[in-house]
Amino acid sequence: MSFIIKDEEIKRVKKSISQGNNKVSDLWEAMQSRTMSNTKYPGIVQPEDTNEWWHIVWERLSDAAFVQLINPSESLGKWIRSAVLEICDKPVAEWRGPWFRGESNPPVGMLETTHVGVGVIMAIDLCPHLFSDEEHINFKNILKVKCQEPCRRFVDSVVENKDEINNWFVVLLNGFGVASLYLNDTQAIDKAIEYSHIAASLYNEDSYGESMQYSNYASLNLSFLNEMIIRYNPKLEGKLNLSCYTKCIPWQATSFMYMKPLSGWGEKSYPRTINFGDSAAIYRPSGDVLLHIAARMKNRYPKEAGLSKWLFDVTYNDANLGPNDRSTFGFFNDFLFLSILLYEDAANSISPESAKLPLTSSFETGTIVSKDRWENPKTVLGVQGGYITNNVAGHRHNDQNSFMLSHLKERFFVDPGHCCYRLKSQSFAASTQCHNTWSFETTNNDKNITLNQKPVKSNIFKLAEPLNKKLLVKELDGISVIISDAAEVYGESINRAERTWITAFPNILFIIDRIEARQPVKVKTHFVLNNRDGKLKSTRISNDKYEFTRNDVAMKLFQVMAQSDGATNECGLSFDWGYVHDCYHPQPHQLGQGAEGSALIYNYTSSEYKTNHLLVYAIAMDDINNIEGFIMKNSDNSTIALESPEKKCGYSIQITQGDNIIVKDIINNINYKLENNNFSRITD
């Protein structure tokens, strides 16, 4: 008898499928179709696959076993049996993963160990009739020796030695815990529940510090383990923490931008999400995570459960959206059978607007997002700004005070994302110069020295103070102001590295940079433009004015002020190539990996070494027909005004003494002041 699925669930799923024309049947048809395609030939890996077997084994066996359970066939049963027996016959070292995982004695689990063990357990638990009694006895020993014990060695070592802890702990805990459930090892189950609270403590109050992508990888494994424990014994639910990843849903929903076709991926619409660090631009949360939250937490966290269901409805509207060969490792997230089981118990959808999420939101991990509206936003700004101490930090780029900017569903200023870790391009893409932030140049004994950012590190065993300080996030009358100081990521040489974003969306953005250094420096400001499909067109109007177009959308970038120590310090313009990746693939030269030149990097560098710098930029956004009419006016070198054609919108900023700024809505004649990190309306 399965501990995962009860007979009444099977009956309910079959009934929904037979009725047709509902989401359950839609998901089922997609799963059945991909399973038939993925099991044409013996073995986990099919001829057209680009992944090695470890990285697709969980989803392949899980899909096949569920399809066989609902709609059994002799051929699929033979495929499952053959695949399971072949895997179980592999030596324990092979369960450890590819060559780059190395060796250990006694065997210590790797990420792949969990994926193999969980996949095998799904197959033999959902389809026990495919195997003999003797084989089932043998499976228990195999899963103990090749999965449970190696995974336990890993998680025990992390806790006992207080090693650096991250998503690996959560993944290996899943392998240990699910194997213990299958083995009915009650002492080990108690230990897994105890460790699950350590895993839950890696989450901050509203986000997770290892990037959006790795928050989902951790959440997929922790929510799966929690779901399996509940299904094993519902009385244990009260001992589990499901709220840690549930409270991250507003972060996920806010970071989602829109669905749109992606050049090179076919005609279907793919999600786009604010993707700082090692995250996919086409990121969406795993369907099983979303519906686990929507079903299990609808009474305790109704807003988050409703938002989770909304995210599922929007990003899984097309149940066949692929690829589906890179789901459980988080390369391109998809749904598995838990989505089918949980869908009808899920909460009703609540949109971000209905949930009253603010249009400008800040999260503890440092993500700040500003939009002009929720329904079909015209403009989306993402900032990697000040954060509080992260309970875990990893997979982060050197991207503090960087930003992304999209208009009319065209991404212009972008984050590189990430690709195969074994490529040289990945380390370069993670560097400071490949992000919309600064590097600094100084001299020592007549040698030029570049100051790049140092990485952000922290974990629950060794918490680190934030290196980037959030000074202000406020929205007033549709104008948002974000201020963040990232001086500490550059070391002791920099006293202040403060960036202020002033949004007057959907058409105008001002950026004010203030740099103070202990010794004279040149500021090198990087602007990273999206050219992943070769469709970015650049027009140099002058060195301090560029126009960029992508398809029918355009942006104008103005450098409107460059001062140092109170005097003009003109910036030179240089150019570099970078990378824009769509999503991770563990193998090189695969779909999703950006080529060199998929990012164009424009660098403004101060001409003189100074200790104090004030740099001001403005960006105008519109369709390609209206962008020409945007006019920049710079009067007495302290007031900058940007107006649209026919003055449909217009805003100015005036920089006054003491770092204060006056912001004016030119059209409506309303003034605001930014003073001492406070933003308010000026009243008579």
Side-chain angles (χ1 to χ4, degrees), residues 167 170 199-227 230 240-259 271-276 279-280 283-317 330 333-335 338-339 342-343 345-371 374-375 377 380 382 387-388 390-392:
N167 66 87
V170 188
S201 72
L202 298 181
Y203 292 78
N204 275 55
E205 190 63 24
D206 62 7
S207 48
Y208 179 89
E210 284 192 277
S211 85
M212 187 71 68
Q213 193 83 28
Y214 284 85
S215 76
N216 183 81
Y217 191 36
S219 296
L220 174 64
N221 282 273
L222 184 55
S223 67
F224 186 85
L225 174 59
N226 285 340
E227 183 70 32
I230 294 169
L240 304 174
N241 183 339
L242 281 63
S243 64
C244 58
Y245 42 74
T246 298
K247 290 188 287 186
C248 291
I249 287 297
W251 175 48
Q252 301 269 356
T254 299
S255 297
F256 172 75
M257 295 194 291
Y258 46 77
M259 302 288 292
R272 302 294 199 287
T273 298
I274 299 295
N275 66 310
F276 289 112
S279 286
Y283 169 85
R284 61 178 177 177
S286 292
D288 288 14
V289 176
L290 293 174
L291 291 183
H292 165 83
I293 292 170
R296 297 292 182 188
M297 302 300 279
K298 61 185 177 184
N299 295 323
R300 289 181 56 200
Y301 289 87
K303 181 178 78 171
E304 288 79 2
L307 282 168
S308 195
K309 177 60 161 46
W310 173 83
L311 262 175
F312 184 88
D313 289 345
V314 172
T315 60
Y316 289 86
N317 179 56
N333 301 325
D334 213 330
F335 72 94
L338 284 178
S339 292
L342 295 170
Y343 183 84
D345 291 328
N348 292 327
S349 292
I350 301 176
S351 70
E353 187 172 18
S354 298
K356 300 188 184 323
L357 297 187
L359 287 171
T360 298
S361 298
S362 174
F363 299 91
E364 291 185 357
T365 192
T367 305
I368 304 169
V369 181
S370 184
K371 305 181 182 187
W374 281 111
E375 188 69 24
V380 182
Y387 57 94
I388 73 164
N390 286 170
N391 294 337
V392 63

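Interatomic distance, Ile274 CD1 to Gln252 CD, rounded to the nearest 0.5 Å: 12.5 Å. Here Tyr245 contributes atom OH and Met297 contributes atom CE; the two are 7.5 Å apart, rounded to the nearest 0.5 Å. Rounding to the nearest 0.5 angstrom, the gap separating the CG atom in Leu338 from the OG atom in Ser223 is 8.0 Å. Atom OH in Tyr283 sits 8.5 Å away from atom OG in Ser211 (nearest 0.5 Å). Atom CE of residue Met212 and atom OG1 of residue Thr367 lie 5.5 Å apart, to the nearest 0.5 angstrom. A distance of 12.0 Å separates CD1 of Ile350 from CH2 of Trp310, quoted to the nearest 0.5 Å.
Closest of all the heavy-atom pairs between Ala305 and Ala294 is O-CB, 3.6 Å. In plain terms, the two heavy atoms of Ala253 and Trp374 that are nearest each other are O-CZ3, 4.2 Å. Heavy atoms only, all atoms of each residue included: Asn167 and Tyr214 are closest at ND2-CD2, 3.6 Å.
The side-chain hydrogen bond (donor to acceptor under 3.5 Å, both in side chains) analysis of residues 297-307, with sequence neighbours excluded, yields no pairs.
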Q | Evaluation steps, side chain to side chain donor-acceptor pair (under 3.5 Å), between Asn275 and Thr273 | A | CA-CA 6 Å; Asn275 66 310; Thr273 298; over 6 Å; no
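Side-chain contact between Asp206 and Cys248: absent, with no pair of heavy atoms (C-beta onward) separated by less than 4.5 Å. The shortest distance between side-chain heavy atoms of Pro285 and Asn333 does not fall below 4.5 Å. With contacts defined as side-chain heavy-atom distances shorter than 4.5 Å, the pair Leu342/Glu227 qualifies. Between Leu222 and Tyr203 the shortest side-chain heavy-atom distance falls below 4.5 Å. Considering only heavy atoms from C-beta on, Trp251 stays 4.5 Å or farther from Thr254 through its side chain.
For Asp345, the CG atom is densely surrounded, since the number of other residues' heavy atoms within 6.0 Å is greater than 12.
Figure legend: Arg284 and Tyr316 shown as a cation-pi pair, the cationic atom lying under 6.0 angstrom from the six-membered ring centre and within 45 degrees of its axis.
Residues passing the salt bridge (Lys or Arg N to Asp or Glu O under 4.0 Å) test with Lys309 are Asp313, sequence neighbours excluded. Asp288 meets the salt bridge (Lys or Arg N to Asp or Glu O under 4.0 Å) test with no other residue; sequence neighbours excluded.
A donor and an acceptor atom, one from each side chain of Ser370 and Thr360, are located under 3.5 Å apart. With 3.5 Å as the limit, one finds a donor-acceptor pair spanning the side chains of Ser351 and Ser354.
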